[in-house]
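To start, the structure under review is shown below, and the notes come after it.
These numbers come from the heavy atoms of this one structure, side chains and all, not from hydrogens, waters or symmetry mates.
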Amino acid sequence: MSTQQAPSHHEQAYASLTRGLKELDIRGPSVPCNLVLIGDDAFPLAMNTQGQVLMAASLYGSGRIVVLGHESYLTTFPALVENALIWLRGDKSDNLSVAVHQGVKAVADNLSRSSFQATVVEKFHDNLGVGVYVTDAYSVEADGRDLVAYLKAGGGLLIAGQACHWAQEHPKENTLLNFPGNKVSSVAGIYFTGQYADVGWLPVYPQIPTSLLSVGIGKDFEDDLKFLLQGVSEFHFKDGIPSEVLVHGPLAFPIGSNEQGQPFVAGAYYGRGRVIVVTHEAALGHQMAPFLTNAIRWLDEGRNGVVGVVPSFDYSFNLLSNLGLRCEKTNFRKDLSVFVCQAYGDGHAQEIQEFVAEGGSLLIGGHAWAWAQTRHGQNPLTDFEGNHILNKMGLSLLGATLATGSYKAPVHSQAAKDNYHFRRLLRRFAGHVVKGEALTKNEESLLKKLGSDCANYLHMKAHDWYPYMQMVSTLMDMLKKSGMPQVGESCPVRTPEDHLLLNLGSEVYKVCPDPDALLPHLIKNNPVMPVVYNYKIKINVNTGAEEWLSTGLYLSPGMRTYMAMPAEIVNKGWKVQIGCQTDYLKHGELKRAPHVVEHFPVTSEVMQLEGPEVIVHIAISAPYYKSGVTTAADWSLLHKAPAPWAELKFENIIITVPSDVVRGLERPDEVAALWDDIMRGIADLAVIPHKLPRKERFVADVQISIGWMHSGYPIMMHSSDADSLVNLEKIRHTEIWGPIHELGHNQQRGCWEFRPHTTECTCNLWSVYVHEEVLGINRAKAHGDMTPDNRKSRTEEYVKGGRNLDKWRMWVALETYMQLQERFGWDAFKKVFAAYHKMTNTPSDNPGKMNLYAQTFSEAVGMNLTGFFKAWGWPIDAATEEKLSSLPAWTNHPMVQYG
């Protein structure tokens, strides 16, 4: 058991409710029921060692409610009851009247010695005029709507009871919906359940109690799934790409999921109502008719009420009407039984939540992936409109996409017990951490997804929402008990459990209320390094494209700093970035954490900034060299700076490597001069200005997302090869092919590239060019695959294979370009690239692009090359041959010898 720093209004309420209490002895004969809490305001007052809630409180509307898991607690804990009455009357400090239902008359007797004026009543009615009403959970009259209205309008309600005996006597009824007490308490997110709770001696904690074992689900949902899946064999998403939905509430459950356990249809109980989300609105049509029929009837709960469908849902309205349901085209109304809408608006979010909490139901369709793709930097969990409705209900649409098509519906009994559920598996993992309970192989296989779901949940950043902070506290405790694996090249992480803990560590640290208390459990060896103060960084950049401006500074794990930002860059799209390894790792074996970069908005206009300074108050100095600025004397000190990362900033490229790589580098100016030549060579072949609009970047790390190197901004490579970027001898003696290959990738353009044939081919034009024109290394020596024998054998094999264009890739495809280069020289390529710079509306299909390339190259060299390209199997059409017919034909090209 542990405690947490909860949001202030919940913590203040808890302090008021438990004032003066040190312990609660519930070892007597009364056996309470477990209470299930949902929503954003319900919080526990008492929790046993199994994580079961025995007493709870919440808010609804302007009112307050306290729920006790057994009616006997109304008399056995008089101090608690008196605290509850004081809190429940809220701002009505002058109203000391309390109405007590006759079923718990003993409460009134106890209050006779207090300042409260208790009156025993036969039943609740609107004219009581009291500040607080006290009742047992069995005496809620009719449907409890009067009590709900009283609570919503600002009344205080103390209700106590247990639903276990009732559930045994009503085995075919839904306890969550039909138990009398739940008709009132559930609107505030507290449910009596049919599950007995363990009893014992409970200490009263100074803060709201929580437990690793408190996560889990509040129902098995088998009866719900049986109803919803009857006659349903498949879910069809043929007309739209569905999103994934995160099912995170204790009364939320997946209905349909793919093989990886990602849900696309889910349901939930919320208050007295229900909700179903389908993650693409196009699925709310005829292809899903069997399921939608069941869904509407499950949502309607036998009321045979009006199903309101938003006017834009014509296909859903027609389908539901044809199924014999009472449908109306309408915007949101409170008198509906079921409201059917899209997830793309939140104009009635609070009204819809209250509508469902008080007994209505919601069918909502939509996806968040398109929203996420067009709003870079925004968080779908917090910013997507549909989630403003759904989050509190325990469901959230994610930006992740799932495949289109049909998905087999699960067998309801298996789905209830075996299907992946975020909270169920988290509860099992908590038991594994706390009690050493063994996980099944299937559970272990799903731990990676569990880690992803935990991270997604934490991205809600709902720090004013009690259940969120309870989850944060639970995950903190889990990390404290288990510790985070100390990953590195010599100690890689391989097990699903360690993957999960590694993924959770940084995510929990970012949102937890006390990161300093968590840090020692995450980083076991965090050496102290000397720091620098008030370091000034001058900004001089054209912000027309995203570019990283290096600081030459390092922050160790958990280190805090402050940055003074010039007014010119505030709220202009600028960000502070910590880290330079942007690759997200998905490998089975990890040598570093999967995600090691963070962005913080300074909050995108195109502007020229020159002169403003950013001041970093405290940081650690890193080995940092900047051409034209860093002197030899500066470097003699800087290359020994303590930070583990070093950076070299040259004219057109920035190289970030582990500091060990540069500790012995005495002449960075010579490395800079050579890289300046290389990058000018890159620009020459591409026919672009020598000064690139944005410097290229290399980052060397212990592990990257794909390949030995990969292109992008930055270009990523393994740290074991980092020396090849700064060692002059290695650069000058053929160990630079790979880095130039990646720089070539960054120069490729879709208009003259023919994917997938030339993806790994045309980038090598820059490798050959730089080696020969800058480094003076012949292509045959630059790479083993470029020897004459290898080139000839590849060509012959390609010809013997029938010149099948499917085989024209990588080295084979490069031979086509090498034959052109050896006949027409590099200037021909430069003329071709220059011509493409001026083109617009170029073809998008490979045949069209290949014909345009043949035409462009022919015109650049003044010779008809169609015969040559056709000899390589290119799909040259008659129109291209006609356009070039006036040019002299290249009749003695290298492919003539093959017939």
* Do you know the tightest heavy-atom contact between I731 and V726? -> CD1-N, 4.4 Å

* Minimum side-chain heavy-atom gap E815-Q819 below 4.5 Å -> yes

* To do: Answer yes or no: is there a side-chain heavy-atom contact under 4.5 Å between D877 and P847?
  => no

* Is the closest side-chain heavy-atom distance between V671 and L728 below 4.5 Å? -> yes

* Run the side chain to side chain contact (heavy atoms under 4.5 Å, CB included) check on M786 and N764 step by step: do they pass? -> CA-CA 11 Å; M786 293 301 291; N764 284 324; over 6 Å; no

* To do: For Q855 and T880, run side-chain hydrogen bond (donor to acceptor under 3.5 Å, both in side chains): C-alpha distance rounded to whole Å, both residues' side-chain angles, the deciding distance at 0.1 Å, then the answer.
  => CA-CA 7 Å; Q855 177 185 340; T880 301; 5.3 Å; no

* Asked: Just checking, any donor-acceptor pair under 3.5 angstrom between side chains of T758 and W808?
  -> no

* Could you list the residues that satisfy salt bridge (charged side-chain N to carboxylate O under 4.0 Å, His left out) with E822, not counting sequence neighbours? => R779, R791

* Asked: Can the ring centres of W874 and H757 be said to be less than 6.0 Å apart?
  -> no

* Asked: Any salt bridge (charged side-chain N to carboxylate O under 4.0 Å, His left out) pairs touching residues 743-754, not counting sequence neighbours?
  -> E753-R755

* Would you say the side-chain atoms of S627 and E651 include a donor-acceptor pair closer than 3.5 Å? -> no

* Asked: Checking R803 against Y798: charged group under 6.0 Å from the ring centre and within 45 degrees of the axis?
  -> no

* What's the verdict on side chain to side chain contact (heavy atoms under 4.5 Å, CB included) for L665 and L648, showing C-alpha distance, side-chain angles and the deciding distance? -> CA-CA 11 Å; L665 179 61; L648 308 175; 4.1 Å; yes

* Going through the checks in order, is the side chain to side chain contact (heavy atoms under 4.5 Å, CB included) test met by C761 and L814? -> CA-CA 5 Å; C761 160; L814 183 62; 4.0 Å; yes

* Asked: What residues form a side chain to side chain donor-acceptor pair (under 3.5 Å) with E489, not counting sequence neighbours?
  -> none

* To do: Indicate the atoms forming the closest heavy-atom contact of L725 with I655, along with that distance.
  => CD1-CG2, 3.8 Å

* Measure centre to centre between the rings of F829 and F857, then say whether the value is under 6.0 Å. => yes

* **Atom CD of E796 with >12 non-hydrogen neighbours under 6.0 angstrom** => yes

* Is the closest side-chain heavy-atom distance between I620 and S556 below 4.5 Å? -> yes

* Asked: Does one side chain, of W635 or D669, offer a donor that lies under 3.5 Å from an acceptor on the other?
  -> no

* Nearest heavy-atom neighbours spanning A643 and P623 -> O-CD, 3.8 Å

* Asked: Near K830 NZ, under 6.0 Å, is it more than 12 heavy atoms from other residues, nucleotides or ligands?
  -> yes

* Asked: Does a donor on one side chain and an acceptor on the other come within less than 3.5 Å for T787 and D789?
  -> no

* Asked: If you draw a 6.0 Å radius around CD in Q373, do more than 12 non-hydrogen atoms from other residues or ligands fall strictly inside?
  -> yes

* Side chains of T856 and K831: does their closest heavy-atom pair fall under 4.5 Å? -> no

* Asked: Are the side chain of Q577 and the backbone of G579 linked by a donor-acceptor contact shorter than 3.5 Å?
  -> yes

* Determine, stepwise, if the pair K870 / E881 fulfils salt bridge (Lys or Arg N to Asp or Glu O under 4.0 Å). => CA-CA 11 Å; K870 289 173 71 175; E881 292 184 288; 3.2 Å; yes

* To do: Indicate whether any N or O donor in one side chain lies under 3.5 Å from an N or O acceptor in the other, for D684 and H690.
  => yes

* To do: Quick one: do L865 and L820 satisfy side chain to side chain contact (heavy atoms under 4.5 Å, CB included)? Show the steps, please.
  => CA-CA 10 Å; L865 307 182; L820 289 168; 4.0 Å; yes

* Structure fact -> Tightest non-hydrogen contact, residues L805 and P875, listed as CD2-CD, 4.0 Å

* Return yes when atom CD of E666 has more than 12 non-hydrogen atoms of other residues, nucleotides or ligands closer than 6.0 Å, and no otherwise. => no

* May I ask you to check whether F833 and W766 place their ring centres under 6.0 Å from each other? => yes

* Are H718 and W708 close enough that some pair of their side-chain heavy atoms sits under 4.5 Å apart? -> yes

* Are F868 and W890 close enough that their ring centres sit under 6.0 Å apart? -> yes

* With the side chain counted from C-beta on, respond yes when E696 and N652 share a heavy-atom pair under 4.5 Å apart, and no when they do not. => no

* Does NZ in K695 sit with more than 12 non-hydrogen atoms of other residues, nucleotides or ligands closer than 6.0 Å? -> yes

* Asked: What's the shortest heavy-atom distance between P888 and M863, and which atoms?
  -> O-CG, 3.1 Å

* Does the ring-ring contact (aromatic ring centres under 6.0 Å, His included) test come out yes or no for W872 and H893, once each step is laid out? -> CA-CA 11 Å; W872 273 103; H893 58 76; 9.6 Å; no

* Asked: With a 3.5 Å cut-off and no angle check, do the side chains of D677 and W675 form a donor-acceptor pair?
  -> no

* Asked: Going by heavy atoms in the side chains, are R697 and W548 under 4.5 Å from each other?
  -> yes

* Asked: Counting only heavy atoms not in K691, do more than 12 fall under 6.0 Å of its NZ?
  -> no

* Structure fact -> Between K730 and S724, the two heavy atoms sitting closest are CD-CA, 4.1 Å

